[in-house]
Number of protein chains: 2
Amino acid sequence: MASARPPLNWLRAFEAAARLGSFAGAGAELNVTPSAISQHIRALELRLGKELFDRHANGVRLTDRGRRYAEELGRAFGLIDEATARIAGRGTREMLVVHVPTSFASQWIAPRLDLFRASHPTIDLRLTALDHGEGKVDAAIEFGWGNWPKREATLLLRDETFPVCTPKYAESLNSPEDLRARDLLHVPGYDEDWDTWLAHVGVTGIDTSAGSFFDQSIMGIRAAIEGKGVLLGRTALIERELASGLLVAPFEQRLRGAGSYWFLATPQKARTPKVTAFRDWLLNMTAPVAAVGA
Amino acid sequence: MASARPPLNWLRAFEAAARLGSFAGAGAELNVTPSAISQHIRALELRLGKELFDRHANGVRLTDRGRRYAEELGRAFGLIDEATARIAGRGTREMLVVHVPTSFASQWIAPRLDLFRASHPTIDLRLTALDHGEGKVDAAIEFGWGNWPKREATLLLRDETFPVCTPKYAESLNSPEDLRARDLLHVPGYDEDWDTWLAHVGVTGIDTSAGSFFDQSIMGIRAAIEGKGVLLGRTALIERELASGLLVAPFEQRLRGAGSYWFLATPQKARTPKVTAFRDWLLNMTAPVAAVGA
DNA sequence: ATTGTACCATTAGATTTTCTTGCGCTTCCC
DNA sequence: GGGAAGCGCAAGAAAATCTAATGGTACAAT
C-alpha cells in the first residue's frame, strides 16, 4: 500500500545512517550534510511513531527496532540495486548523463572515450544533445562565457577560429584574398564568423552572405572534408582532422574567441563522485585552467 | 552502491505505472498528474539507457525488460512495506500526523477519538503540538481567520467566548459585576479576552490585568475545574465539561469571535485519502460549513 | 467521415521537498 | 581547559517534483 509507505528519501537516509553508524557517515555517502540526514530520520520517526535511534551528544545508537528495520530496508535496497544492475546490464557500473553539443561530443569526446573508459571502467557515459529539463542530466558541457546562474562552471577549452579545408583545396589559396572566388562554409551562432576573421586579417570585399550554412559544426566539418569549401573551423572540433592531414589551415592567422567550452554542474551534482571524476578527467585532457564558480 | 541507484521517486513512479498498466493509473495511485509520471519514467530511461515502455498514442506497453524490472522493484517495495508495517506495528494501517494546538487536541479531538477509530480503523492519528517544519506533518488544525497562504482551509468550528467556572463558584456570581471580587483566569492570545467580553456586556471597572494567566487553554480549564477562578472559556474546548456539569456558565451572554478553528493542508496533501478521510470526519463531527480555498 | 474520449509528450513555471548554513549544545580525548 | 566530533534546530536557499497548458495520436461511437 503505497500510501502507508514513508517517503523513500527518508528511508534511504535512515538505512544509510543505520548501516554506517552515524549521520555524518550517511551524509558523506549520500552527498548531503548530516543535518539533512537528521531531519529525514526525525520525520520518519514522527511518521512511524517509533524511535529508531537513541540520541547521544557524541553520536547516535540504533534501537533494536531501528536495527531490525534497517536490515529489512537494506535487503529491499539491495534488491533494487540488483534489479537496476541487471536491467541496466552494467553491474556496479553507473551511468553519467551529460548534455553536450553534438559536435563537441563527436569531435572531441568520442575520440577520447577509450581513454576515459580505461581510467574509469565503472562509469558509463551517455552523451545527449537534447535538453531533458532540469535535473534530468548529471552535467553539461556548453560553449559560452562561464556565467551560467546556479551552476559551477569549470573552464575546459579556449577556442581559436581559423579557416580550414582539404590540402587539395588549399593549393589554390595563397592569401586570404583568394577566398573571394571560393565556397565559404558557415556555422552561424558564434561571435566569431567569417566577417570577424576577415576583419581580423584586414581583408575586405568578400561576400560573406554567400556559401553553405550548417546548424551544427560537424556538418560543416564533413562538408570541408568532402572538399566542398573552406570552413571557418574551431580548434577543439577539428584537431584530429588537422593532425591526420584530412584538413589543413591554409593561413596562419587564428582568431582567439571570447567564448570557451565549459563543464557545468549544479553544486549538488558536482559533489557526486562520478561527476567529479568526469570533470577531473576532462581537465586532465585539456590545458590547465582555473575553475570559476558562477 | 547508492550512487548507481536511480532516484527512488523515479522508481516508485515506474513500478506503479508498470503494475497498473498506465501513466494515468499510476498518477491516480500516487496523487500526481500523469505528466509527472511520464517525466519520471523518461528520466529513468535516460539514466538507465534502456527503454522500459513502448509508447503508443493510446497508451504504453511494458517492454520485456520493463516487466522484469518492475517485478523486481515490486518485490523490493513489498519488502519495504512489510518492514515498515512490522516496525510501525500497524499492518496496513497508516499514520496521519496532524499539527494541532494542545488544547484542541485534548479537549476536542481526544474525546472523540473512539469515533474516528471506529469509522477509520486503518488510520492511526498522531497529534503533535510541535512545529516540525514544512512537509513533515500531513495536516494542521489552527485557530484563525482562514487566510493562510498556500493551504486549503476548511472551516471546522466557530467559537463562542464566555465565562465558566464550577457550580460552587457560580453560586456567588449573580451578575457580571460580581466578577470584581473574584479571580479571573486568562488565556492570552485571542482577540476576545476579558476586556472584550466585559465591554460586550457593558460592565466597567473590573481590573482585567489581575488574575492568573496560562499559555494554553487546557491549563486554564484545569484551574477552573479546580475552582481557582472564572475562566473566559471557548465553546470548542469545554463542551464536555459543560455537558457533565463540571463547569457551568454563570452568565448567558456569549461573545461570537472573529476567529475559528480551521483544518489546513497543502493541495497535494489534501488529495491523499487519509487526509481527505480525516477532514471529512471532522466536518461530520462539526456543524455544516463551507470549505474556503485560501 | 467526423467527433469525442483517453492517453501520453513536452515545456514553462509553480510548488514542494530537500538541503545548507549558522549556531548551539554535549561528550570525549588530549 | 581546549579541540574535535557529532547531533539538533530554525531559517532560508537550492533542488526536485509537480501542475498547467497545449499538442499529438489512436480508437470507439455516431
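For the numbers below, each heavy atom of this structure counts, side chains included, while hydrogens, waters and symmetry mates do not. From a predicted model like this one, the values you see are computed outputs, not experimental measurements. Below, chain A is the first sequence line, B the second, and so on; all start at residue 1.
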Checklist entry - Quick one: are Ile37(A) and Val32(A) in side-chain contact, heavy atoms under 4.5 Å? => result yes
Checklist entry - Has Trp10(B) got a side-chain N or O lying under 4.0 Å from the OP1 or OP2 atom of dT17(D)? => result yes
Checklist entry - Within the structure shown, what part of the strands sits under 4.0 Å from Ala36(A) by heavy-atom distance: base, sugar-phosphate, or nothing? => result base
Checklist entry - Quick one: does Gln39(A) reach the base of dT17(C) with a side-chain donor-acceptor pair under 3.5 Å? => result no
Item to check | Along DNA chain C (nearest heavy atom to each residue), the more 5'-positioned of Arg55(B) and Pro34(A) | outcome: Arg55(B)
Checklist entry - Taking atom P of dG6(D) as reference, at what distance in whole Å does atom CD1 of Ile37(A) sit? => result 14 Å
Checklist outcome for this item: In whole angstroms, the gap separating P of dG8(D) from CD of Glu51(A) amounts to 11 Å
Checklist entry - Relative to the ring of Trp281(B), is the ring of Trp108(B) parallel (under 30°), tilted (30 to 60°) or perpendicular (over 60°)? => result perpendicular
Next on the checklist: Using a heavy-atom cut-off of 4.0 Å across all strands, would you classify Asp54(A) as base, sugar-phosphate, or nothing?
Outcome noted: nothing
Next on the checklist: Which is more 5' along DNA chain C, the nucleotide nearest Gln268(A) or the one nearest Pro267(B)? Just name the residue.
Outcome noted: Pro267(B)
Checklist entry - Taking the side chain of Ala24(A) as heavy atoms from C-beta outward, which of dT17(D), dG6(D), dT16(C) is closest to it? => result dG6(D)
Next on the checklist: Please determine whether a side-chain nitrogen or oxygen atom of Ser38(A) lies at a distance below 4.0 Å from atom OP1 or OP2 of dC7(D).
Outcome noted: no
Item to check | Length of the CZ-C1' vector between Phe23(A) and dC9(D), whole Å | outcome: 13 Å
Next on the checklist: Let's see if you can work this out: which of dA9(C), dC7(D), dC18(D) has an atom nearest to the side-chain heavy atoms of His40(B)?
Outcome noted: dC18(D)
Checklist entry - Rounding to a whole Å, what distance do you find between Asp138(A):CG and dA15(D):C1'? => result 14 Å
Checklist entry - From the list dT18(C), dT17(D), dT25(D), which nucleotide is the closest neighbour of the side chain of Asn9(A)? => result dT18(C)
Checklist entry - So, is Arg271(A) near the phosphate of dT20(C), with a side-chain N or O under 4.0 Å from OP1 or OP2? => result yes
Next on the checklist: Counting only side-chain nitrogens and oxygens, does Lys269(A) get under 4.0 Å of the OP1 or OP2 atom of dA16(D)?
Outcome noted: yes
Next on the checklist: Assess the residue pair Val275(B) and Val98(B) against the criterion (side-chain contact (heavy atoms from CB on, under 4.5 Å)); give the C-alpha distance rounded to whole Å, side-chain angles, the decisive distance to 0.1 Å, and a yes or no.
Outcome noted: CA-CA 9 Å; Val275(B) 170; Val98(B) 189; over 6 Å; no
Item to check | Any Thr33(A) side-chain N or O less than 4.0 Å from OP1/OP2 of dT20(C) | outcome: yes
Next on the checklist: If I take atom CD in residue Glu152(B) and atom C1' in nucleotide dT15(C), what distance separates them, rounded to the nearest angstrom?
Outcome noted: 13 Å
Item to check | Leu44(B) CG - dA9(C) P separation (whole Å) | outcome: 13 Å
Next on the checklist: Check the phosphate of dC9(D) against Arg42(A), side-chain N and O only, distance under 4.0 Å to OP1 or OP2. Yes or no?
Outcome noted: yes
Next on the checklist: In whole Å, I'd like the distance from the CG atom of Leu52(A) to the P atom of dG8(D).
Outcome noted: 12 Å
Checklist entry - Any Lys/Arg nitrogen of Asp81(A) or Arg5(B) sitting under 4.0 Å from an Asp/Glu carboxylate oxygen of the other? => result yes
Checklist entry - Starting at CG of Leu20(B) and ending at C1' of dC7(C), how long is that distance when rounded to a whole Å? => result 15 Å
Checklist entry - Under 4.0 Å between a side-chain N or O of Asn58(B) and OP1 or OP2 of dA6(C)? => result no
Item to check | Pair Phe53(A) + Phe23(A): ring centers closer than 6.0 Å | outcome: yes
Checklist entry - With the threshold set at 4.0 Å, does a side-chain nitrogen-carboxylate oxygen contact exist between Arg75(B) and Glu82(A)? => result no
Checklist outcome for this item: Out of dT10(C), dT20(C), dT18(C), minimum distance to the side chain of Ser35(B) belongs to dT10(C)
